[in-house]
Student: 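My questions all concern the structure below.
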Amino acid sequence: MNITVLAVGTKMPRWVDEAVAEYAKRFGRDVRYVLREIKPEKRGAGVNAAQGMAAEEKRILEALPDGAYLVVLDERGKAPTSVELAGYLKDWRQSGEHICFVIGGADGMTDALKQKARLMLRLSSLTLPHGMVRVLLTEQLYRAVSILHNHPYHRE
(Lines give C-alpha, C1' and ligand atoms only; values in the text may rest on other atoms or scores of the structure.)
Protein backbone atom coordinates (compact mmCIF):
# COMPACT_ATOMS: atom_id res chain seq x y z
CA MET A 1 0.00 0.00 0.00
CA ASN A 2 1.23 3.49 -0.87
CA ILE A 3 0.52 6.34 1.53
CA THR A 4 1.73 9.86 0.81
CA VAL A 5 1.31 12.79 3.18
CA LEU A 6 1.64 16.27 1.69
CA ALA A 7 2.21 18.74 4.51
CA VAL A 8 2.41 22.48 3.98
CA GLY A 9 5.32 23.76 6.00
CA THR A 10 9.04 23.24 6.26
CA LYS A 11 11.69 23.32 8.96
CA MET A 12 9.84 21.40 11.63
CA PRO A 13 11.48 20.95 15.04
CA ARG A 14 13.78 17.94 15.28
CA TRP A 15 11.39 16.09 17.61
CA VAL A 16 8.69 16.20 14.90
CA ASP A 17 10.98 14.74 12.23
CA GLU A 18 12.27 12.09 14.64
CA ALA A 19 8.78 11.03 15.77
CA VAL A 20 7.46 10.82 12.19
CA ALA A 21 10.53 8.81 11.15
CA GLU A 22 10.09 6.45 14.12
CA TYR A 23 6.49 5.62 13.26
CA ALA A 24 7.18 5.51 9.52
CA LYS A 25 9.88 2.86 9.93
CA ARG A 26 7.46 0.67 11.91
CA PHE A 27 5.21 0.20 8.86
CA GLY A 28 7.53 -2.42 7.45
CA ARG A 29 7.32 -3.71 3.89
CA ASP A 30 3.53 -3.68 3.72
CA VAL A 31 3.29 0.11 3.49
CA ARG A 32 5.33 2.59 1.49
CA TYR A 33 4.96 5.80 3.51
CA VAL A 34 6.24 9.12 2.20
CA LEU A 35 5.90 12.56 3.79
CA ARG A 36 6.56 15.44 1.41
CA GLU A 37 6.82 19.00 2.62
CA ILE A 38 5.11 21.70 0.57
CA LYS A 39 6.65 25.16 0.68
CA PRO A 40 4.30 27.59 2.41
CA GLU A 41 3.51 30.89 0.74
CA LYS A 42 4.90 33.89 2.63
CA ARG A 43 2.23 36.24 3.92
CA GLY A 44 2.46 40.00 3.97
CA ALA A 45 3.85 42.33 1.31
CA GLY A 46 0.55 42.21 -0.60
CA VAL A 47 -0.10 38.47 -0.15
CA ASN A 48 -3.27 37.83 1.85
CA ALA A 49 -4.53 34.52 3.23
CA ALA A 50 -6.66 33.71 0.16
CA GLN A 51 -3.75 34.34 -2.22
CA GLY A 52 -1.43 32.32 -0.02
CA MET A 53 -3.80 29.35 0.13
CA ALA A 54 -4.25 29.50 -3.66
CA ALA A 55 -0.47 29.36 -4.17
CA GLU A 56 -0.20 26.46 -1.72
CA GLU A 57 -3.08 24.65 -3.46
CA LYS A 58 -1.17 24.84 -6.74
CA ARG A 59 1.92 23.31 -5.10
CA ILE A 60 -0.17 20.59 -3.46
CA LEU A 61 -1.86 19.64 -6.73
CA GLU A 62 1.52 19.51 -8.49
CA ALA A 63 2.83 17.14 -5.78
CA LEU A 64 -0.28 14.95 -5.70
CA PRO A 65 0.52 11.43 -6.96
CA ASP A 66 -1.33 10.54 -10.18
CA GLY A 67 -4.71 8.96 -9.50
CA ALA A 68 -4.32 9.19 -5.72
CA TYR A 69 -7.30 8.92 -3.40
CA LEU A 70 -7.26 12.41 -1.87
CA VAL A 71 -7.96 12.78 1.84
CA VAL A 72 -7.74 16.25 3.35
CA LEU A 73 -7.46 16.96 7.04
CA ASP A 74 -9.95 19.60 8.07
CA GLU A 75 -11.61 20.59 11.33
CA ARG A 76 -15.02 19.95 9.72
CA GLY A 77 -14.15 16.46 8.52
CA LYS A 78 -15.26 13.10 9.87
CA ALA A 79 -13.62 12.05 13.12
CA PRO A 80 -13.01 8.31 12.82
CA THR A 81 -11.95 6.06 15.64
CA SER A 82 -8.69 4.17 15.19
CA VAL A 83 -10.66 1.04 14.27
CA GLU A 84 -12.70 2.98 11.68
CA LEU A 85 -9.48 4.38 10.20
CA ALA A 86 -8.20 0.81 9.95
CA GLY A 87 -11.39 -0.02 8.04
CA TYR A 88 -10.70 2.77 5.55
CA LEU A 89 -7.14 1.49 5.09
CA LYS A 90 -8.40 -2.05 4.54
CA ASP A 91 -10.79 -0.87 1.82
CA TRP A 92 -8.11 1.28 0.17
CA ARG A 93 -5.62 -1.57 0.27
CA GLN A 94 -8.09 -3.99 -1.29
CA SER A 95 -8.87 -1.56 -4.10
CA GLY A 96 -5.18 -0.82 -4.70
CA GLU A 97 -5.63 2.89 -4.04
CA HIS A 98 -2.62 5.18 -3.53
CA ILE A 99 -3.75 7.28 -0.58
CA CYS A 100 -2.70 10.90 -0.25
CA PHE A 101 -3.38 12.86 2.92
CA VAL A 102 -3.05 16.64 2.84
CA ILE A 103 -2.21 18.80 5.85
CA GLY A 104 -2.88 22.43 4.93
CA GLY A 105 -0.95 25.53 5.85
CA ALA A 106 -1.44 28.03 8.66
CA ASP A 107 -4.57 29.48 7.04
CA GLY A 108 -5.99 26.12 6.01
CA MET A 109 -6.90 25.06 2.47
CA THR A 110 -9.00 26.50 -0.30
CA ASP A 111 -12.59 25.33 -0.67
CA ALA A 112 -11.68 24.16 -4.18
CA LEU A 113 -9.04 21.79 -2.81
CA LYS A 114 -11.44 20.47 -0.16
CA GLN A 115 -14.02 19.80 -2.89
CA LYS A 116 -11.48 17.72 -4.83
CA ALA A 117 -11.05 15.45 -1.81
CA ARG A 118 -12.84 12.13 -1.74
CA LEU A 119 -12.79 12.24 2.06
CA MET A 120 -12.32 14.90 4.73
CA LEU A 121 -11.07 13.74 8.12
CA ARG A 122 -10.20 15.45 11.35
CA LEU A 123 -7.80 14.14 13.94
CA SER A 124 -9.22 16.24 16.75
CA SER A 125 -11.73 18.95 17.51
CA LEU A 126 -8.85 20.88 19.06
CA THR A 127 -6.60 23.16 17.04
CA LEU A 128 -3.23 21.45 16.81
CA PRO A 129 0.20 22.72 15.72
CA HIS A 130 1.21 21.46 12.29
CA GLY A 131 4.15 19.46 13.59
CA MET A 132 1.91 17.67 16.05
CA VAL A 133 -0.54 16.84 13.25
CA ARG A 134 2.25 15.16 11.28
CA VAL A 135 3.19 13.03 14.26
CA LEU A 136 -0.39 12.22 15.21
CA LEU A 137 -1.41 11.31 11.65
CA THR A 138 1.62 9.06 11.17
CA GLU A 139 1.05 7.36 14.52
CA GLN A 140 -2.64 6.80 13.78
CA LEU A 141 -1.86 5.35 10.35
CA TYR A 142 0.66 3.01 11.96
CA ARG A 143 -1.93 2.09 14.59
CA ALA A 144 -4.51 1.37 11.87
CA VAL A 145 -2.04 -0.89 10.06
CA SER A 146 -1.24 -2.67 13.33
CA ILE A 147 -4.98 -3.25 13.87
CA LEU A 148 -5.22 -4.83 10.41
CA HIS A 149 -2.30 -7.14 11.26
CA ASN A 150 -3.72 -8.06 14.68
CA HIS A 151 -0.58 -6.62 16.25
CA PRO A 152 -0.88 -5.94 20.01
CA TYR A 153 0.12 -2.25 19.63
CA HIS A 154 -3.56 -1.26 19.73
CA ARG A 155 -5.61 -2.34 22.70
CA GLU A 156 -9.38 -2.15 22.97
Student: Decide yes or no for L137 and V5: does some side-chain heavy atom of the first lie under 4.5 Å from some side-chain heavy atom of the second?
Tutor: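 With C-beta onward as the side chain, the pair touches.
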
Student: If you define the side chain from C-beta out and look only at heavy atoms, does anything of R93 sit under 4.5 Å from L148?
Tutor: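 A side-chain contact exists here, since the closest heavy-atom pair is under 4.5 Å.
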
Student: Donor-acceptor pair, distance only, cut-off 3.5 Å: does the side chain of Q51 make one with the backbone of N48?
Tutor: yes

Student: Determine which pairs satisfy side-chain hydrogen bond (donor to acceptor under 3.5 Å, both in side chains) with at least one residue from residues 99-115, sequence neighbours left out, and list them in order.
Tutor: R43-D107, E57-T110, D74-K114

Student: For L85 and P80, work out which heavy atoms get closest and say how close.
Tutor: N-CB, 4.1 Å

Student: Tell me which pairs pass salt bridge (Lys or Arg N to Asp or Glu O under 4.0 Å) where either residue lies in residues 140-154, with sequence neighbours left out.
Tutor: E139-R143

Student: Of the non-hydrogen atoms in L89 and A144, which two are nearest, and what is the gap between them?
Tutor: CD1-CB, 3.3 Å

Student: Quick one: side chains of residues 60-72, donor-acceptor pairs under 3.5 Å with protein atoms, not counting sequence neighbours, listed by atom name and distance.
Tutor:
none

Student: Kindly compute the distance separating CG (L128) from CG (L73), expressed to the nearest 0.5 Å.
Tutor: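 Separation between the atoms: 10.0 Å.
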
Student: Of all the heavy-atom pairs spanning M12 and G131, show the shortest one and how long it is.
Tutor: SD-CA, 3.6 Å

Student: For S82, enumerate each residue passing the side chain to side chain donor-acceptor pair (under 3.5 Å) test, keeping only those at least two apart in sequence or located in another chain.
Tutor: Q140

Student: Can you list the residues that meet the salt bridge (charged side-chain N to carboxylate O under 4.0 Å, His left out) rule with E84, with sequence neighbours excluded?
Tutor: none

Student: Would you call I3 and W92 a side-chain contact if the rule is heavy atoms closer than 4.5 Å?
Tutor: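 Of all side-chain heavy-atom pairs linking W92 with I3, none is under 4.5 Å.
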
Student: Test of understanding: with salt bridge (charged side-chain N to carboxylate O under 4.0 Å, His left out), list the residues that count as partners of K42, not counting sequence neighbours.
Tutor: none

Student: According to the ring pair (Phe, Tyr, Trp, His ring centres under 6.0 Å) rule, which pairs have a member within residues 103-151, sequence neighbours left out?
Tutor: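 Listed by first then second residue: Y142-Y153.
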
Student: Heavy-atom count around M1 CE within 6.0 Å, excluding the residue itself: above 12?
Tutor: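 Count over threshold, so yes.
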
Student: If Ile, Leu, Val, Met, Phe, Trp and Tyr residues are connected whenever their side-chain heavy atoms lie under 4.5 Å apart, and connections chain through other members, are L121 and I147 in the same group?
Tutor: no

Student: Only pairs at least two apart or in different chains count here, so list each side-chain hydrogen bond (donor to acceptor under 3.5 Å, both in side chains) that has a residue in residues 4-16.
Tutor: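 Those involving residues 4-16 are T4-H98, R14-E18.
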
Student: Answer whether the closest heavy-atom distance between the side chains of L119 and Y88 falls below 4.5 Å.
Tutor: yes

Student: For E75, which residues count as a side chain to side chain donor-acceptor pair (under 3.5 Å) partner, sequence neighbours excluded?
Tutor: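 Checked E75 against side chain to side chain donor-acceptor pair (under 3.5 Å); zero matches.
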
Student: Is there a side-chain contact (heavy atoms from CB on, under 4.5 Å) between E37 and R134? Walk through the geometry before answering.
Tutor: CA-CA 11 Å; E37 292 183 328; R134 291 180 188 196; 2.8 Å; yes

Student: Can you name the residues that form a side-chain contact (heavy atoms from CB on, under 4.5 Å) with A19, not counting sequence neighbours?
Tutor: V135

Student: Could you tell me which residues satisfy salt bridge (charged side-chain N to carboxylate O under 4.0 Å, His left out) with R32, sequence neighbours excluded, listed by chain and number?
Tutor: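 For R32, no residue satisfies salt bridge (charged side-chain N to carboxylate O under 4.0 Å, His left out) once neighbours in sequence are set aside.
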
Student: Say whether M53 and M120 are linked into one hydrophobic cluster, either directly or through other cluster members, by side-chain heavy-atom distances under 4.5 angstrom.
Tutor: no

Student: Is a donor on one side and an acceptor on the other found under 3.5 Å between the side chain of R122 and the backbone of G77?
Tutor: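 Checking the backbone N and O of G77 against the side chain of R122, a donor-acceptor pair under 3.5 Å is found.
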
Student: Checking Y23 now: which residues fulfil ring pair (Phe, Tyr, Trp, His ring centres under 6.0 Å) with it, not counting sequence neighbours?
Tutor: none

Student: Please check if F101 and I103 belong to a single hydrophobic cluster, counting links between Ile, Leu, Val, Met, Phe, Trp and Tyr side chain heavy atoms closer than 4.5 Å.
Tutor: yes

Student: Indicate yes or no: at least one non-hydrogen side-chain atom of E41 is less than 4.5 angstrom from one of K58.
Tutor: no

Student: Are V145 and L141 joined in one hydrophobic group, where the rule is that I, L, V, M, F, W and Y side chains link up if heavy atoms are under 4.5 Å apart?
Tutor: yes

Student: Out of curiosity, does I38 fall in the hydrophobic cluster containing Y33 (side-chain heavy atoms, cut-off under 4.5 Å, transitive links)?
Tutor: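 No, because Y33 and I38 fall into different hydrophobic clusters, even though each may have its own neighbours under 4.5 Å.
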
